[in-house]
Amino acid sequence: MKELFEGAIKFQEEDFSAHKDLYESLKQHQDPHTLFITCVDSRVVPNLITNTKPGDLFVVRNMGNIVPPYKESQTLREGFLATTAAIEYALTILEIQNIIICGHSNCGACEFIYEPPKKLDETPYVKKWLKLLDPVKEKVQALKPSSKSKRTWLTELINIEQQLENLMSYPFVEDRFDRGELRVYGWYYIIETGEILNYNMIKREFKPIVQKDKK
């Protein structure tokens, strides 16, 4: 904890002072342009990988960067409302223009769903939350991956596709998207290289995000 307290002091004395005008402008309201839905994994730092400032991103984090399907979030209210409420608030109140669902490499949630049932029983809350990844697991198993590493990689990518599909099941998301008022993206962040792949929902493929003048 010593490092955290020292970090808080350093922030107040150096980082805050360097951006004092920005923080002053944020004291009464926020006007983020993007809803960033990602995993709770400590290695994923939204503002760092997007090079954004405080006030730019409205961030939702949960295990596995999951978006509960709209109908399921309505019928299983006791466990799945936090992410649903944040999406609703971001679009209806903050009038967000972009949504990014960002998965990542070496995702513990995507690996955990293949653990033996006995181990899942040791973490009942995690087990219940990750039941939402059952459709992902079924799609991956149907592909019969040849190795554990390939299974993990496929799970992480297919999970992003699935969460985009779940997101579009929300009427207030689909309506804004169809009217051209909302842009939706799926990202895959590779921790060890810093590379980010963007999902093309029309072509259904992931491509690296690079400078337009680079091949």
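Residue indices begin at 1 and follow the sequence shown.
With N198 contributing its side chain and I209 its backbone, the two residues share no donor-acceptor pair below 3.5 Å. Formation of a donor-acceptor pair under 3.5 Å by the R176 side chain with backbone atoms of P171 is not found in this model. The closest donor-acceptor contact from the side chain of D56 to the backbone of K53 lies under 3.5 Å. A donor-acceptor contact shorter than 3.5 Å links the side chain of S147 to the backbone of K150. Listed for the S17 side chain is no donor-acceptor partner under 3.5 Å among the backbone atoms of E14. Side chain of E192 to backbone of I190: no donor-acceptor contact under 3.5 angstrom is found. Put simply, the side chain of S105 gets close to the backbone of I191: a donor and an acceptor are under 3.5 Å apart.
Considering E156, Q163, Q162 as possible partners of N159, the one that fulfils the side-chain hydrogen bond (donor to acceptor under 3.5 Å, both in side chains) test is Q163.
The nearest pair of heavy atoms linking N65 to G103 is OD1-CA, 3.4 Å.
Note that OH of Y189 is 13.5 Å distant from SG of C107, once rounded to the nearest 0.5 Å. Taken to the nearest 0.5 Å, the CD1 atom of I66 stands 5.5 Å off from the CG atom of L132. With values rounded to the nearest 0.5 angstrom, L157 atom CG is found 5.5 Å from Y188 atom OH. Annotation: the span from L94 atom CG to H29 atom NE2 amounts to 10.5 Å, rounded to 0.5 Å. To the nearest 0.5 angstrom, L197 atom CG is 5.0 Å from E195 atom CD.
Heavy atoms from other residues, nucleotides or ligands lying under 6.0 Å from OH of Y89 number 12 at most.
By the criterion of side-chain heavy atoms lying less than 4.5 angstrom apart, applied directly or through intervening Ile, Leu, Val, Met, Phe, Trp or Tyr residues, W187 is not grouped with V45; the two fall into different hydrophobic clusters. Criterion: ILVMFWY side-chain heavy atoms under 4.5 Å apart, direct or through other members. Under it, I101 and M63 are part of a common hydrophobic cluster. Hydrophobic clustering of Ile, Leu, Val, Met, Phe, Trp and Tyr side chains at less than 4.5 Å, counting indirect connections, unites W153 with Y114.
Ring geometry, F206 versus Y199: the interplanar angle falls from 30° to 60°, so the pair is classed tilted.
Ion pairing between a basic and an acidic side chain is recognised when a charged N comes within 4.0 Å of a carboxylate O; E111 and R151 show such pairing.
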TODO: Applying side chain to side chain contact (heavy atoms under 4.5 Å, CB included), run through R183 and F177 and close with a yes or a no.
DONE: CA-CA 6 Å; R183 292 174 291 275; F177 182 82; over 6 Å; no
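With hydrogens and angles left out, the side-chain atoms of N62 and T83 include a donor and acceptor closer than 3.5 Å.
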